[in-house]
Amino acid sequence: MNMVTDAKSQLEHMQKKLDKVRKEQQELEDVRAKQLQGLIQFSMRLGLCCKGQNLELDNRLAKIRQQLSDPNNLDNALPEMGELSRALQTQYQNTQREIEHNQQSIQQLARQLSSLSGIPEKLKREIKYYQQDIQKPIHTVWEIIPRVEQLVKYYEQLLQERLAKEDRIPTTPKHRQLAHELAQLLSEIEFPSQYGEEINAIKAMLSGDVQVDQLLEAYSQVLNILVAEMAKEKSASQQFLAAITDSLTVVRQAMGENWQATSNSYKSSKAFNQKLNSHMGQFSDQVSDAGDLQTLKAQVVNELTFIRQQLAKRDAQEQNEFLAMKQSMQKMQAEINSLTAEAASYKDKLIEQQRLNQVDALTQLPNRAALDEQLKRAYRQFKRYGHDLWVTVADIDRFKSINDNFGHTTGDKTLQVVSMALKNSLRKEEFVARYGGEEFVVLLPGMDREQVQQVLNRIRERIKAIPFKFRDERLSITVSIGAAKVGANETIQETFERADAALYRAKRQGRDKVEMDD
């Protein structure tokens with residue numbers, strides 16, 4: 001009886017061991033599930049950061065996210081991640097080829113410059129040394145920027161010497177128009193803060209009696225700034241793609257190792273359980289067939305010894321597998337955390353850049369790009385809900401005379417004052433944007449004709465009453481406004497054209513008027 005009790009006790013002990021094995025196997029599966037979730041989050045963030053840069057990358061990332069969402073498709077995700085890594089590497093190589101192309105273009109410009117006649121000897125020697133230097137290999141954008149700047153300086157130096165020798169080019173109305181357009185452009189573009197003083201100096205120069213050489217210099221300065229900013233953006237994208245490629249390679253390797261380890265562990269656990277169950281079945285048969293206690297004792301001792309050995313081996317194997325998977329997971333998690341932080345920083349920059357791209361730098365109102373998006377959004381809501389939608393176009397009367405008589409600085413101040421008046425006259429659900437120059441567009445949803453006319457006349461009167469002065473002289477600022485209600489069977493562009501036509505009717509009727517077209 002004691003032998004039977006002891007056998008039952010040993011069987012219970014073995015059952016506990018089996019339960020422990022199953023629990024540890026479940027823990028391994030939980031670890032794998034966490035890894036998979038982390039990889040899914042990583043692929044989503046990676047997709048957000050890479051979106052729009054390369055169509056192939058967008059498609060591959062979308063495919064990987066779809067495969068990872070289904071555990072049965074994990075085997076297909078691994079080779080796809082390899083393809084994604086190669087696509088990222090290809091993008092990096094394309095950037096390098098573009099750098100090489102830019103280097104060749106600079107070399108050609110340098111050759112053209114050196115072929116000009118009448119170049120001073122000192123400048124000719126410098127260009128010769130420059131041509132030798134530009135032949136050296138260039139690997140990054142940061143190496144090519146100083147060379148571009150140096151080449152621009154050579155052109156500027158030669159231009160200044162030529163202008164000094166020749167008679168001054170007379171300033172024509174065309175040159176003044178170009179100066180006005182450049183000043184207008186500088187007011188609409190959002191430049192980084194470090195260029196603030198330089199841009200303000202250029203705008204002040206353009207607002208005066210500008211000479212042709214000053215205009216050329218202004219264009220050269222603006223071009224240098226834009227080239228430098230484009231190079232920074234390009235370099236940041238290039239470095240980010242390189243970081244993504246490296247991180248994705250590490251993650252793909254870790255995922256492959258973990259998947260292989262999990263698969264091996266599952267197969268090993270399954271085989272172990274089958275083997276142990278088989279022995280337990282044989283042992284049960286032997287216990288049932290045992291004729292005496294001595295035989296039963298020997299069988300129990302042998303079987304328990306075997307089971308202990310197998311459980312010890314399995315414990316050691318699972319411990320090693322768990323430690324290896326834990327280390328791999330920690331490595332992958334550290335890489336994901338690092339890339340997540342870098343992606344978040346890059347995303348913030350993109351969001352800020354997008355915000356700046358949709359804000360008019362001078363008036364701080366939404367710009368033309370933001371207006372286009374809002375028009376589409378408002379038109380979709382009009383089609384869906386059927387409420388009235390009015391498109392209005394407002395134009396500052398005789399704005400050119402303000403610029404001509406008082407300068408562009410006063411013109412800029414006028415635009416800012418009118419913009420503030422427009423913004424403060426509208427409710428939250430209404431929208432105003434600077435369309436361009438001295439024109440503004442206002443969207444008024446959910447109003448009838450009488451309400452719209454009251455709002456627009458209130459805006460017109462408010463602007464007219466602004467106490468605007470320059471050099472102790474009061475300036476009278478008025479606006480003409482045209483408005484049109486979106487028709488059931490017309491596009492938003494057709495409505496805009498009717499509102500624009502109404503604006504010009506208001507101009508022809510003496511200005512400072514509101515003209516409705518419903």
Mark yes or no for whether [X], through its side chain, and [Y], through its backbone, hold a donor-acceptor pair below 3.5 Å.
X    : Y    : value
W390 : M447 : yes
Q453 : E450 : no
D397 : D512 : yes

Exercise. Take the angle between the ring planes of Y435 and F496 and call it parallel below 30°, perpendicular above 60°, tilted in between.
Key: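 It falls in the tilted class, 30° to 60°.
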Practice problem: For salt bridge (charged side-chain N to carboxylate O under 4.0 Å, His left out), just list the numbers for R458 and E461, CA-CA rounded to whole Å, side-chain angles, deciding distance to a tenth of an Å, and then say yes or no. | Solution: CA-CA 5 Å; R458 184 173 68 245; E461 292 293 342; over 6 Å; no
Which distance, rounded to the nearest 0.5 Å, do you find between the [atom1] of [X] and the [atom2] of [Y]?
X    : Y    : atom1 : atom2 : answer
D448 : K485 : CG    : NZ    : 8.5 Å
L375 : R368 : CG    : CZ    : 9.5 Å
Q493 : D372 : CD    : CG    : 9.0 Å

Practice problem: Give the minimum heavy-atom separation between V486 and F382, together with the two atoms involved. | Solution: CG1-CE2, 3.6 Å
Quiz item: Is there a donor in the side chain of T363 and an acceptor in the side chain of D360, or the other way round, less than 3.5 Å apart?
Solution: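 Side-chain D/A pair, T363 to D360: present.
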With side chains defined as the heavy atoms from C-beta onward, is the minimum distance between [X] and [Y] less than 4.5 Å?
X    : Y    : value
R380 : R384 : no
K513 : R505 : no
L362 : Q416 : yes
L456 : L444 : yes

Quick check on [X]: does its [atom1] atom have over 12 non-hydrogen neighbours (other residues, nucleotides or ligands) under 6.0 Å away?
X    : atom1 : result
E429 : CD    : yes
K376 : NZ    : no
K413 : NZ    : no

